[in-house]
Amino acid sequence: MNTLDDILYVAQAVGEAPPEAGFFTWDVPENILYADGALANLFGLNPVVASQGLPIEAYLDRVHPEDRPQLAKTIRDSIVTDRPQNETYRVMNTEGHYAFVTGYGRGFRNKDGDIIRYVGIVVPINAPMSPSKHTH
């Protein structure tokens, strides 16, 4: 699995700018995920609408069907165990193709112990994919 350090090292070694990572914060009780333009582009969503907030399902619907259950489990486990999440998966981008990304996130609780925010970063991965992984 690629780490953020691996991604940045490879980008530096080949003389390219690191890929633009997308940032998000999820208001868990309200189920509204706010994202920057980079994250919206990674997931093939409208950047203006993403910055105003969308339900997390709008993002999960863009995750490859084979990767969706594992990603949902990883996020749930992260929330339950209060541990950071790290998962590599495929998302449908603005060009209509699946692209690999790695997401890093973690939840935050209020003084009563309720999960209130989940924040993170999603980084694009430049990895070869077989044609069968580009479509449903």
Side-chain angles (χ1 to χ4, degrees):
M1 186 173 303
N2 293 325
T3 67
L4 187 55
D5 287 337
D6 294 337
I7 296 163
L8 296 175
Y9 175 78
V10 169
Q12 183 180 19
V14 297
E16 295 179 1
E20 187 170 4
F23 294 88
F24 69 88
T25 183
W26 176 26
D27 180 335
V28 178
E30 298 297 323
N31 191 33
I32 300 294
L33 191 145
Y34 300 92
D36 66 4
L39 189 79
N41 287 332
L42 288 173
F43 281 77
L45 297 169
N46 180 306
V48 173
V49 176
S51 71
Q52 296 168 350
L54 290 165
I56 194 169
E57 291 80 10
Y59 293 87
L60 292 175
D61 287 347
R62 307 291 296 175
V63 173
H64 193 284
E66 293 175 5
D67 300 340
R68 201 174 298 143
Q70 179 60 41
L71 177 60
K73 180 184 182 315
T74 300
I75 293 169
R76 183 194 64 78
D77 290 351
S78 172
I79 291 170
V80 169
T81 63
D82 282 328
R83 298 181 60 115
Q85 166 261 337
N86 173 354
E87 186 72 31
T88 297
Y89 52 96
R90 295 164 286 176
V91 296
M92 179 72 72
N93 62 24
T94 55
E95 298 167 358
H97 299 285
Y98 283 103
F100 279 101
V101 297
T102 298
Y104 305 86
R106 83 168 305 139
F108 293 90
R109 297 181 184 281
N110 64 15
K111 63 183 177 187
D112 297 324
D114 301 319
I115 189 81
I116 56 166
R117 296 285 181 274
Y118 193 90
V119 300
I121 183 172
V122 178
V123 181
I125 306 288
N126 292 330
M129 294 174 54
S130 68
S132 65
K133 292 183 179 178
H134 285 281
T135 59
H136 288 276

- Item | Qualifying side-chain hydrogen bond (donor to acceptor under 3.5 Å, both in side chains) pairs, either residue in residues 106-116, two or more places apart | D82-R109

Are any non-hydrogen side-chain atoms of [X] and [Y] less than 4.5 angstrom apart?
{"X": "L71", "Y": "L60", "result": "yes"}
{"X": "V123", "Y": "V101", "result": "no"}
{"X": "Y118", "Y": "Q85", "result": "yes"}
{"X": "T102", "Y": "V122", "result": "no"}
{"X": "I79", "Y": "D77", "result": "no"}
{"X": "V119", "Y": "F24", "result": "no"}

Between atom [atom1] of [X] and atom [atom2] of [Y], what is the distance when rounded to the nearest 0.5 Å?
{"X": "H64", "Y": "Y98", "atom1": "NE2", "atom2": "OH", "value": "5.0 Å"}
{"X": "R117", "Y": "D27", "atom1": "CZ", "atom2": "CG", "value": "4.0 Å"}
{"X": "N46", "Y": "T94", "atom1": "CG", "atom2": "OG1", "value": "11.5 Å"}
{"X": "W26", "Y": "I56", "atom1": "CH2", "atom2": "CD1", "value": "4.0 Å"}
{"X": "R62", "Y": "R68", "atom1": "CZ", "atom2": "CZ", "value": "10.5 Å"}
{"X": "T74", "Y": "E87", "atom1": "OG1", "atom2": "CD", "value": "3.5 Å"}

List the atom of [X], the atom of [Y], and the distance in Å for their closest heavy-atom pair.
{"X": "P124", "Y": "A21", "answer": "CD-CA, 4.3 Å"}
{"X": "L42", "Y": "G22", "answer": "CD1-N, 4.2 Å"}
{"X": "S78", "Y": "P84", "answer": "OG-C, 3.9 Å"}
{"X": "A40", "Y": "A50", "answer": "CB-CB, 3.7 Å"}
{"X": "I32", "Y": "P55", "answer": "CD1-N, 4.4 Å"}

- Message: Within the supplied structure, the quantity of interest is the number of heavy atoms (other residues, nucleotides, ligands) at a distance under 6.0 Å from E95 CD; does it exceed 12?
- Response: no

- Measure from the side-chain N and O atoms of D36 to the backbone N and O of F23, and report whether any donor-acceptor pair falls under 3.5 Å. yes

- Hey, is the main chain of R90 close enough, under 3.5 Å, to the side chain of D67 for a donor-acceptor pair? yes

- The single option from V28, T25, L39 passing side chain to side chain contact (heavy atoms under 4.5 Å, CB included) against L33: L39

- Walk me through it: do F100 and T88 pass the test side chain to side chain contact (heavy atoms under 4.5 Å, CB included)? CA-CA 7 Å; F100 279 101; T88 297; 4.0 Å; yes

- Is there a donor-acceptor contact under 3.5 Å linking the side chains of N41 and E20? no

- Aromatic plane relationship, Y89 with F43 - under 30° parallel, 30 to 60° tilted, over 60° perpendicular: tilted

